[in-house]
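What follows is a single structure, written as structure tokens, with notes after it.
Every chain is numbered from 1, with letters handed out A, B, ... down the list of sequences.
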Protein chains: 2
Amino acid sequence: MTKKAPLTIERGALEPAACTCASLRRAARAVTQVYDEALRPSGLKATQFSLLATLARRGDQPLTRLAEALVMDRTTLTRNLKPLVGKGWVGVAQDGDQRVRRIALTHAGQEALERALPLWRDAQSRLVGRLGAKRWSGLLDDLKITVDAVRGG
Amino acid sequence: MTKKAPLTIERGALEPAACTCASLRRAARAVTQVYDEALRPSGLKATQFSLLATLARRGDQPLTRLAEALVMDRTTLTRNLKPLVGKGWVGVAQDGDQRVRRIALTHAGQEALERALPLWRDAQSRLVGRLGAKRWSGLLDDLKITVDAVRGG
DNA sequence: AGCTAAAGAGTGCATATACACGTTATGACC
DNA sequence: GGTCATAACGTGTATATGCACTCTTTAGCT
């Protein structure tokens, strides 16, 4: 019956140096730079690649629904779409409901995505390789669980 | 000798839906909103809290060194400091070397940090509680390893 | 001293992010 | 059929992020 079953949170977890938010943002910064650089020849940033890929996977969608899928503020998505619409990669169409803006991948957008795909795969496989498949998949699971934890309630 | 020891990366890892960068950014968005809301009464955003906490922990420091510690672009740090300097929470001092700007936490900054600390602890302990201490500490480790993986070479 | 490479830093530009607020269109209810 | 809550959306404002470029200062070399 020496130390066991911690009722309290583990040592150090409540020191700012262990801030979950800061750690996530730091990792996001570091990894984003790598993906952005890898994608540079395609003219896409990592965020934009994910946006196009999500559209390709899920099809046309109202803006708000797309924002929810991306766990992104609706107004952030509105602005993130702007450069993509400007390049003709994404189209915005009216819906039966006049309030709704349907977001769609254009043909040019599909092509841009296909051009970027091998570049993305290079970056992704490099990173997965360095982390190891096991740690990588654990990380992805944990990130998903974290998102659910702060949203699900 | 049925399926074993995958020489290739695991199934699905090279599909955009499994993008490491997008997953990190998504989790960072979700968690940042929680911390930002918790910190709101203090007038600090999560990013700013971490910046002040880092300064408190490491002491005065040249801008570039601080940026490296935060795994943040130097020019990003310059701009992130602006609102904190404006509020008198951070001071910028000359160094013997005229090129160097030493960044320091002011007394008011120390107080702001102390006011924010219990708010941060609430948010942090809530999240650690929801994830469970084990998963949380694994996540933090993995994030650190990820940063090292993309920077260390 | 003078030249030069490199270090430290700021600015212009573009994107990413979200809250507060206002606008328009729907749908429900009386 | 008018009233009103709500849903969907855009904009203003502020911060966060980083690349390309430029400027100043320092250190090193001759």
Side-chain angles (χ1 to χ4, degrees), chain A residues 21-22 24-40 43-51 61-68 70-87 89-90 92-103 150, chain B residues 21-22 24-40 43-52 61-68 70-87 89-90 92-103 150-151:
Chain A
C21 183
L24 278 167
R25 294 184 69 92
R26 180 164 48 241
R29 282 194 296 271
V31 170
T32 298
Q33 283 191 41
V34 171
Y35 279 66
D36 273 355
E37 174 166 7
L39 288 173
R40 198 156 303 156
L44 283 169
K45 311 249 291 175
T47 317
Q48 301 173 335
F49 173 83
S50 292
L51 214 167
Q61 235 165 141
L63 189 145
T64 294
R65 179 141 44 198
L66 183 56
E68 283 165 5
L70 293 167
V71 189
M72 181 180 288
D73 188 272
R74 177 183 55 77
T75 68
T76 298
L77 178 56
T78 295
R79 295 184 222 249
N80 287 358
L81 286 173
K82 194 164 297 184
L84 298 174
V85 172
K87 285 174 177 155
W89 292 336
V90 164
V92 180
Q94 292 288 334
D95 188 274
D97 185 335
Q98 292 293 110
R99 295 171 300 180
V100 174
R101 308 257 181 272
R102 295 197 70 86
I103 313 301
V150 299
Chain B
C21 183
L24 279 167
R25 294 183 70 92
R26 180 165 45 240
R29 282 195 297 270
V31 171
T32 298
Q33 283 192 40
V34 171
Y35 279 67
D36 273 356
E37 174 166 7
L39 289 173
R40 197 156 302 156
L44 283 169
K45 311 249 289 173
T47 318
Q48 300 173 336
F49 173 83
S50 292
L51 214 167
L52 295 190
Q61 236 165 139
L63 188 146
T64 293
R65 177 141 46 200
L66 183 57
E68 283 164 2
L70 294 166
V71 190
M72 181 181 288
D73 188 90
R74 177 184 54 76
T75 69
T76 297
L77 178 56
T78 294
R79 295 185 223 248
N80 288 357
L81 287 173
K82 195 165 296 185
L84 298 174
V85 172
K87 284 173 177 158
W89 292 337
V90 164
V92 180
Q94 293 287 333
D95 188 275
D97 184 335
Q98 292 293 111
R99 294 171 300 181
V100 175
R101 306 258 181 273
R102 295 197 70 86
I103 313 300
V150 299
R151 298 184 76 77

| said: Tell me the closest heavy-atom pair linking T32(B) and C21(A), and the distance in Å. | reply: OG1-SG, 3.5 Å
Considering only nitrogen or oxygen atoms on both sides, find all protein atoms under 3.5 Å from nucleotides 17-19 of chain D and state each distance.
residue: dT17(D); atom: OP1; partner: R25(A); partner atom: NE; Å: 3.3
residue: dT17(D); atom: OP1; partner: R25(A); partner atom: NH2; Å: 3.0
residue: dT17(D); atom: OP1; partner: R29(A); partner atom: NH1; Å: 3.0
residue: dT17(D); atom: OP2; partner: N80(B); partner atom: ND2; Å: 3.0
residue: dG18(D); atom: OP1; partner: Q33(A); partner atom: NE2; Å: 3.0
residue: dG18(D); atom: OP2; partner: D73(B); partner atom: N; Å: 3.1
residue: dG18(D); atom: OP2; partner: T76(B); partner atom: OG1; Å: 3.3
residue: dG18(D); atom: N7; partner: T76(B); partner atom: OG1; Å: 3.4
residue: dG18(D); atom: O6; partner: R79(B); partner atom: NH2; Å: 3.4
residue: dC19(D); atom: N4; partner: T75(B); partner atom: OG1; Å: 3.0

Within-4.5 Å side-chain heavy-atom neighbours: [X] and [Y]:
{"X": "L63(B)", "Y": "V92(B)", "answer": "no"}
{"X": "L39(A)", "Y": "Q48(A)", "answer": "no"}
{"X": "L77(B)", "Y": "T64(B)", "answer": "no"}

| task | Applying salt bridge (charged side-chain N to carboxylate O under 4.0 Å, His left out), name anything that partners R29(A), two or more places apart in sequence or on another chain. | result | none
| note | Hits for salt bridge (charged side-chain N to carboxylate O under 4.0 Å, His left out) against D73(B), two or more places apart or cross-chain, chain-then-number order -> none
Whole-Å distance between [N] [atom2] and [X] [atom1]?
{"X": "L44(B)", "N": "dA16(D)", "atom1": "CG", "atom2": "C1'", "result": "15 Å"}
{"X": "K82(A)", "N": "dC9(D)", "atom1": "NZ", "atom2": "C1'", "result": "13 Å"}
{"X": "D97(A)", "N": "dC9(D)", "atom1": "CG", "atom2": "P", "result": "8 Å"}
{"X": "L63(B)", "N": "dT25(D)", "atom1": "CG", "atom2": "C1'", "result": "16 Å"}
{"X": "R99(A)", "N": "dT6(D)", "atom1": "CZ", "atom2": "P", "result": "13 Å"}
{"X": "D95(A)", "N": "dA8(D)", "atom1": "CG", "atom2": "P", "result": "11 Å"}
{"X": "Y35(B)", "N": "dA16(D)", "atom1": "OH", "atom2": "P", "result": "17 Å"}
{"X": "L51(B)", "N": "dT15(D)", "atom1": "CG", "atom2": "P", "result": "13 Å"}

| said: side chain to side chain contact (heavy atoms under 4.5 Å, CB included), that's the test. Do Q61(A) and I103(A) meet it? Break it down for me. | reply: CA-CA 5 Å; Q61(A) 235 165 141; I103(A) 313 301; 5.6 Å; no
| task | Would you please confirm or rule out a distance under 4.0 Å between OP1 or OP2 of dA7(D) and any side-chain N or O of T64(A)? | result | no
| Between V100(A) and R74(B), which has a closest nucleotide on DNA chain D that is more 5'? | V100(A)
| message | Tell me every residue that passes side-chain hydrogen bond (donor to acceptor under 3.5 Å, both in side chains) with Q33(B), counting only those two or more places apart in sequence or in another chain. | response | none
| said: Taking side-chain hydrogen bond (donor to acceptor under 3.5 Å, both in side chains) as the definition, give me every residue that meets it alongside R65(A), ordered by chain and number, with sequence neighbours left out. | reply: none
| First and last nucleotide of DNA chain C in contact with chain A, 5' to 3', at under 4.0 Å to a heavy atom: what are they? | dT15(C) to dT26(C)
| Looking for any heavy atom pair under 4.0 Å, which part of the strands does G86(B) touch: base, sugar-phosphate only, or nothing? | nothing
